[in-house]
Amino acid sequence: MKARTIVLRLGSASLALGVAALGIVAPAVAYEVPVSPATSGGGTAAMAMPGSALTTTYATTGLTTVAGATQLGNRGYVPGDYTPGLPATAEATAFRTDALNNCPDVGPCEGLGTITVQFSQPVRNPILTVAGLGASVGRNTGTTITAQTQLHAVLTLASPGVGISKLSGGNLAVLGAKTITAVNHSTGYRCDTNQQDGPPLAYPAAATSACGSVQLNGVTSSLTFNVGAMRTQATPAVPAAPIDPVLDRGKNIDGFTLLASAPEDFGDAPASYDGGNAARAVLSDVTLGSAVSEDNASVANGAVSPSSGPTASGDDGDDGVTLPPLTTSNSGYSTTVALAGASKAGTVCGWVDADINGTFDLAERTCAPFAGGATGASLTWSGLAPIAGATFARFRVGYNASQVESPTGPADSGEVEDYRLVITTAPAAPPAPTGPGGPGSGPGGPGSAPGTGPAPAAPGIPQPGPLDVTPPAGPDSPNAGDPVPGPAIKAVTPGDDAVIPAALASTGASLAFLPAALILALAGATAVGMTRWRRSRRPANPPVL
């Protein structure tokens, strides 16, 4: 019987198994991930995130091609392989690499093309999920396997400034922060088993295919992977399948799946401000301040903030804004927003809930553009009508102006920061002068306008009798030459000495109705420029000024 080559590989197209067929309950998932099948054509495929519409485009070259839309579970499904916990039904893109070219029968080979992953906006720390790195090829005579090789594609990151770290996976390895490969190179073609079917029935692989999730550490808009392969003898029972460039073309193919997801930042103001559609943004290079936190890591495409709370303190990455005081008299308000990482022009907006109605209204918004490289932006509000009490402010930054200008909903880039703000009551204005006859403003009280009589006495302060404002007649006066008392004087009663400023004494003004405490206050704490007066024990009719 003539020997022939058989392909003992189950490609992604032939494993169209749904959740019902697998008997799998889809777990909760995380971040922004596509929910619609990839659209492909012309050697590329595109997938859009729901809500934000962040788009991932895949392109290939050489012996690696886009095979079209697929689902993550089509290569077998193990829930623990993926971070976040993506379901078997997660939409993904299928690829095919022909491990032929310069590949040996056993060992590594390179130059099998490239895969480029392009994001429509810069993304911070995206996650790339890989499923089904593994395949088998063999020779047989009738139902007897005469040679068998296990093979898998190897993806090596060529883009600078980004590293790779493994998050989770079965038989998945990351080498040197650049290469995605398998721990055991004798890879099967399914994530959930090393068994391989036929006919004829192939020898089992030593391990499952390489399946799992890796994080691309850094900010990136485009990732390019050089594609190679690793070939391994499947079993000592038979030799590795030799490569025949003519006979084997199209039969040494590894079919695998890729899916990109993106982390998000959410606001943390009370839920009323979100209206069921939380303010959120895909983490990008541009941020408010220097810090940004990833939120909602357990729910895919969530519209409810996990950080929402009564004090807006659930997000520890909020550091871009310092709010100045706001009072009920301020119809205008302004602050400076700190920016970092802006690689291109964008928009920053702010809202202050001045009327404390639990929503951010259009009249409470202000926005400003910024240029690439900007480190700050000024925001100024006008026409506010603040009322006293605790309220909240929200700030958004990003590259998509129409998304940033809304206080709710998703954005394909940027950050959301919320702050608690207390609006205080404006201080009362000082009383206006009362004019002639006003209390405490005429003779007998401080002031100069004609009044109606003496100012009322301060409670608890002894009130002296009237003062004789006639200065001592000469050196023979009883008090002439006495030292001037200083601040040690505590009280004045009839017959005691009191000290008042000489300037006041020179006016000849009557002090008959001034309280002793006020005389002391006028005297101050120094004797410089002071003149001694004598308090009389007899009533006096003071001269009128």
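Of all non-hydrogen atoms in G320 and Y419, the two that sit nearest each other are N-OH, 3.2 Å. Between I253 and R96, the closest heavy-atom pair is CD1-NH2, 2.9 Å. Contact record, A401 with T347: CB-OG1, 3.5 Å, taken as the closest heavy-atom pair. In terms of heavy-atom proximity, T181 sits nearest to A210 at O-CB, 4.0 Å. Considering all non-hydrogen atoms of both residues, L259 and A92 come closest at CB-CB, 4.0 Å. Closest approach of M230 and P108 over heavy atoms only: SD-N, 3.6 Å.
T179 places no side-chain N or O within 3.5 Å of a backbone atom of G176 that could act as its donor or acceptor partner. Under the 3.5 Å distance criterion, the side-chain polar atoms of N194 are left unmatched by any main-chain donor or acceptor of T208. In this structure, the side chain of N125 engages the main chain of G218 through a donor-acceptor pair within 3.5 Å. Judged by distance alone, with hydrogens and angles left aside, the side-chain atoms of S406 form a donor-acceptor pair with the main-chain N or O of T408 at under 3.5 Å. Side-chain N or O atoms of D265 include one that pairs as donor or acceptor with a backbone N or O of V416 at under 3.5 Å.
Using modelled atom types and a 3.5 Å distance limit, the side chains of T65 and T60 yield no donor-acceptor pair. Remark: the D353 side chain and the Y273 side chain contain an N/O donor-acceptor pair separated by less than 3.5 Å. Between the side chains of Y31 and E294, at least one donor N or O lies within less than 3.5 Å of an accepting N or O. Counting only N and O atoms by type, the side chains of S52 and E32 include a donor and acceptor under 3.5 Å apart. Using a 3.5 Å distance cut-off with no hydrogens or angles, the side chains of T116 and T224 do pair a donor with an acceptor. Looking only at atom types and distance, the side chain of T83 has a donor-acceptor partner in the side chain of S168 under 3.5 Å away. If you check the side chains of Y399 and S343, you find a donor sitting under 3.5 Å from an acceptor. If you check the side chains of N217 and S165, you find a donor sitting under 3.5 Å from an acceptor.
To the nearest 0.5 angstrom, C349 atom SG is 10.5 Å from F395 atom CZ. Between S413 atom OG and D285 atom CG the span is 8.0 Å, to the nearest 0.5 Å. If you take CG on D318 and OG on S293, they are separated by 6.5 Å, rounding to the nearest 0.5 Å. Taken from CZ in F225 to NZ in K178, the straight-line distance is 9.5 Å, to the nearest 0.5 Å. Atom CD1 of residue I164 and atom CG of residue L167 lie 11.0 Å apart, to the nearest 0.5 angstrom. Residue R190 holds its CZ atom at 9.5 Å from SG of C211, rounded to the nearest 0.5 Å.
Using a 30° and 60° split on the angle between ring planes, W381 and Y333 fall in the tilted class, from 30° to 60°.
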>> I'd like to know whether V214 forms a side-chain contact (heavy atoms from CB on, under 4.5 Å) with L172, so could you lay out the CA-CA distance, the side-chain angles of the two residues, the decisive distance to 0.1 Å, and finally the verdict.
In response: CA-CA 9 Å; V214 300; L172 184 77; 4.0 Å; yes

> T70 and T257: side chain to side chain donor-acceptor pair (under 3.5 Å), yes or no, with the steps?
Replying inline: CA-CA 8 Å; T70 188; T257 295; 4.6 Å; no

>> The test is side chain to side chain donor-acceptor pair (under 3.5 Å); show your working for Q118 and S222 and say whether it passes.
In response: CA-CA 4 Å; Q118 182 82 34; S222 181; 3.1 Å; yes

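With contacts defined as side-chain heavy-atom distances shorter than 4.5 Å, the pair E91/M47 qualifies. Residues N330 and L384 have side chains not in contact (no heavy-atom distance under 4.5 Å, counting atoms from C-beta outward). At a threshold of 4.5 Å between non-hydrogen side-chain atoms, the residues R365 and P407 do not count as touching. Residues K344 and Q121 meet the side-chain proximity criterion, which asks for heavy atoms closer than 4.5 Å. Counting only heavy atoms from C-beta outward, the side chains of V130 and L258 approach each other to under 4.5 Å. A heavy-atom distance below 4.5 Å is found between the side chains of L133 and I180. Annotation: side chain of Y77 is not in contact with side chain of C191 (no heavy-atom distance under 4.5 Å).
Under the side chain to side chain donor-acceptor pair (under 3.5 Å) rule, Q150 has a single partner from S136, S209, S186, which is S136. Residue T391 forms a side chain to side chain contact (heavy atoms under 4.5 Å, CB included) with just one option from L421, D355, N357, and that option is L421.
Contact check on D274 versus R394 returns a salt bridge, with a Lys/Arg side-chain nitrogen under 4.0 Å from an Asp/Glu carboxylate oxygen.
For residues 281-304, no residue pair satisfies the ring pair (Phe, Tyr, Trp, His ring centres under 6.0 Å) rule, not counting sequence neighbours. Here salt bridge (Lys or Arg N to Asp or Glu O under 4.0 Å) pairs that include residues 164-177, with residues two or more places apart or in two chains, number zero.
Centroid-to-centroid, the aromatic rings of F95 and Y58 come within less than 6.0 Å.
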